Amino acid sequence: MNQVKNILFGFFMASFLWSCSGKSAKENTQKENNDTTAVRNISSSNSMDTLLSQHWAYKEDYDDYDNSNGLDIPYRGYCFFLDGTAVKDPHEEMELGKWNLSADKTSIEIKYDKGNQETFKIYDIRGKALVLTNADKKKIEMVGDGVQEVNVKDDPYAISNNNWRIKPTQKETPEQIRQRLKGCVRFFDLYYKDNVARNKLTILFRGLPSCFNWYQGGITLQNEDVLDEKWIDCFYNKEQAMDAYKMADKVISKKYNWDKEEKNWVKQSAGVLDQMYVKLDSL
């Protein structure tokens, strides 16, 4: 398919953003609006449950991204939420489950939907730093940004926003395929907004399944011959993935309102993803 026709915006800078997440976060809760979501600072909380309920990345992976030069390196981590849900490795082979803090608040138990589980001792925890030990007493250093979404439903990593990534066990109807594609668009819409709310300097797309190319100032559809295998695997089979791909091609070719007054290109992109989400219902 012709990639030129798939450019959503009147202009774009041809530079991919396959880079690490920025390391700063807003210190105060942001007011929620159409362009972003609201986060709150939890780094000084006295509640163990609250401190744990944020995005955690392996420190070694986090640090490596500063010098990765675009290399395809792992980016592992855990997302714990106040509602007791948990997501492991959202940028790798994602696992969904539930987490529980022990009564004496010294260990974390995670039970995954697939039946497996993990238990870690809490060696140390601070606002943006967490050290766990596994069964072999090996220390695992993790880093966070000390903030969390005010509403769990607005967090792109929340389980409710990642159901589209769970491979179906049987063939789906065209409407189910459409809803799965809408889930993909909704995820990246929230992902953009969440990065804005956290005041991220750069955005990490590596490892997230998608049929789109993300540019600074534009979005295009991936060519069929390089279509993300991880995204294809979100569907029952390749044939159904291509049905979704055709829907994506149609929706990305429509006209969209581009907020020329908005200087932040991430907010501009989120605004268009909002429109794409709605237009998918008209296909």
Side-chain angles (χ1 to χ4, degrees), residues 1-24 34-37 65-73 75 90-91 156-157 161-162 164-165 180-232 234 241-242 244-280 283:
M1 296 183 182
N2 190 334
Q3 289 299 95
V4 175
K5 74 173 183 177
N6 291 329
I7 298 171
L8 289 178
F9 311 134
F11 69 95
F12 71 88
M13 298 175 63
S15 58
F16 277 110
L17 299 178
W18 307 105
S19 53
C20 67
S21 297
K23 299 182 181 178
S24 60
N34 291 332
D35 299 317
T36 188
T37 54
Y65 261 91
D66 284 339
N67 302 303
S68 64
N69 295 318
L71 296 177
D72 187 19
I73 62 176
Y75 197 81
H91 287 264
Y157 294 137
N161 296 318
N162 283 275
W164 65 275
R165 295 175 63 177
R180 193 170 291 275
L181 178 59
K182 285 185 68 176
C184 174
V185 172
R186 173 66 173 161
F187 170 86
F188 283 103
D189 179 20
L190 290 174
Y191 192 61
Y192 271 118
K193 292 173 181 176
D194 182 74
N195 274 272
V196 171
R198 293 168 188 270
N199 199 29
K200 295 294 188 180
L201 302 178
T202 52
I203 304 178
L204 171 66
F205 289 110
R206 198 208 74 77
L208 298 175
S210 173
C211 62
F212 302 105
N213 292 317
W214 308 105
Y215 294 96
Q216 182 171 331
I219 303 172
T220 66
L221 198 64
Q222 294 175 11
N223 283 325
E224 287 186 47
D225 57 347
V226 293
L227 191 56
D228 182 5
E229 288 292 336
K230 197 171 180 180
W231 184 79
I232 292 174
C234 293
M242 294 312 299
Y245 180 83
K246 292 172 184 175
M247 290 183 190
D249 182 53
K250 288 180 181 178
V251 77
I252 206 171
S253 300
K254 293 182 178 293
K255 292 183 179 180
Y256 295 91
N257 296 324
W258 174 259
D259 187 357
K260 296 180 180 178
E261 300 300 319
E262 177 56 65
K263 303 301 181 183
N264 186 323
W265 72 268
V266 181
K267 289 185 179 181
Q268 290 174 327
S269 298
V272 171
L273 285 167
D274 280 334
Q275 297 171 61
M276 284 177 61
Y277 182 82
V278 173
K279 286 181 183 291
L280 274 168
L283 296 182

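Not measured: the values here are computed from a predicted model.
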_Validation row: Phe205, Tyr191 side chains within 4.5 angstrom (heavy atoms)_ = yes
_Pi-cation contact, Tyr256 with Lys279 (under 6.0 Å, within 45°)_ = yes
*Kindly say whether Pro156 contributes a backbone atom to a donor-acceptor pair with the side chain of Arg186 at under 3.5 angstrom?*
no
_Met276 side, atom CE; Ser269 side, atom OG - distance, nearest 0.5 Å_ = 10.5 Å
*Between the side chain of Asp274 and the main-chain N/O of Asp189, is any donor-acceptor distance below 3.5 Å?*
no
*Calculate, to the nearest 0.5 Å, the distance between atoms SG and CG belonging to Cys184 and Asn162 respectively.*
10.5 Å
*State whether a side-chain donor-acceptor pair under 3.5 Å links Thr220 with Asn213.*
yes
*Exam field: side chain Gln268 to backbone Trp258, donor-acceptor pair closer than 3.5 Å*: no
*Taking the side chain from Lys230 and the backbone from Gly207, do they hold a donor-acceptor pair closer than 3.5 Å?*
yes
*Please answer whether the main-chain N or O of Asp225 pairs with a side-chain N or O of Asn223 as donor and acceptor at a distance below 3.5 Å.*
no
*Are any side-chain N or O atoms of Asp228 and backbone N or O atoms of Ser210, one a donor and one an acceptor, separated by less than 3.5 Å?*
yes
_Just so I know, are the side chains of Lys193 and Val266 near enough to count as touching, which here means a heavy-atom distance under 4.5 Å?_
no
*For Phe188, all residues meeting ring pair (Phe, Tyr, Trp, His ring centres under 6.0 Å), sequence neighbours excluded*: Trp214
*Going from CD1 on Ile232 to OH on Tyr245, what distance comes out if it is rounded to the nearest 0.5 angstrom?*
10.0 Å
*Sub-3.5 Å donor-acceptor pair from the side chain of Arg180 to the main-chain atoms of Cys234, do we have one?*
yes
_Just to verify, what does Lys250 make a side chain to side chain contact (heavy atoms under 4.5 Å, CB included) with, not counting sequence neighbours?_
Leu283
*Taking Tyr277 for its side chain and Gly183 for its backbone only, find out whether a donor-acceptor pair lies under 3.5 Å.*
no
*Decide yes or no on side-chain contact (heavy atoms from CB on, under 4.5 Å) for Asp259 and Lys267, but give the supporting numbers first.*
CA-CA 9 Å; Asp259 187 357; Lys267 289 185 179 181; over 6 Å; no
*Between Leu273 and Val185, which heavy-atom pair has the shortest distance, and what is it?*
O-CG1, 3.6 Å
*Determine the interplanar angle of the Trp164 and Phe187 rings, folded into 0 to 90°, and report it as parallel if under 30°, tilted if 30 to 60°, perpendicular if over 60°.*
tilted
*Atom CZ of Arg206 and atom CD1 of Ile73: how far apart are they, to the nearest 0.5 Å?*
7.5 Å
*asked:* Can you give me the closest heavy-atom contact between Trp265 and Tyr192, atom names plus distance?
replied: CZ3-CE2, 3.8 Å
*Taking all heavy atoms of Gln222 and all of Leu227, pick out the closest pair and write down the distance.*
OE1-CA, 3.4 Å
*Is there a side-chain contact between Ile252 and Phe212, using heavy atoms and a 4.5 Å cut-off?*
yes
_Polar contact flag, side-chain donor to acceptor under 3.5 angstrom, Asn195-Arg198_ = no
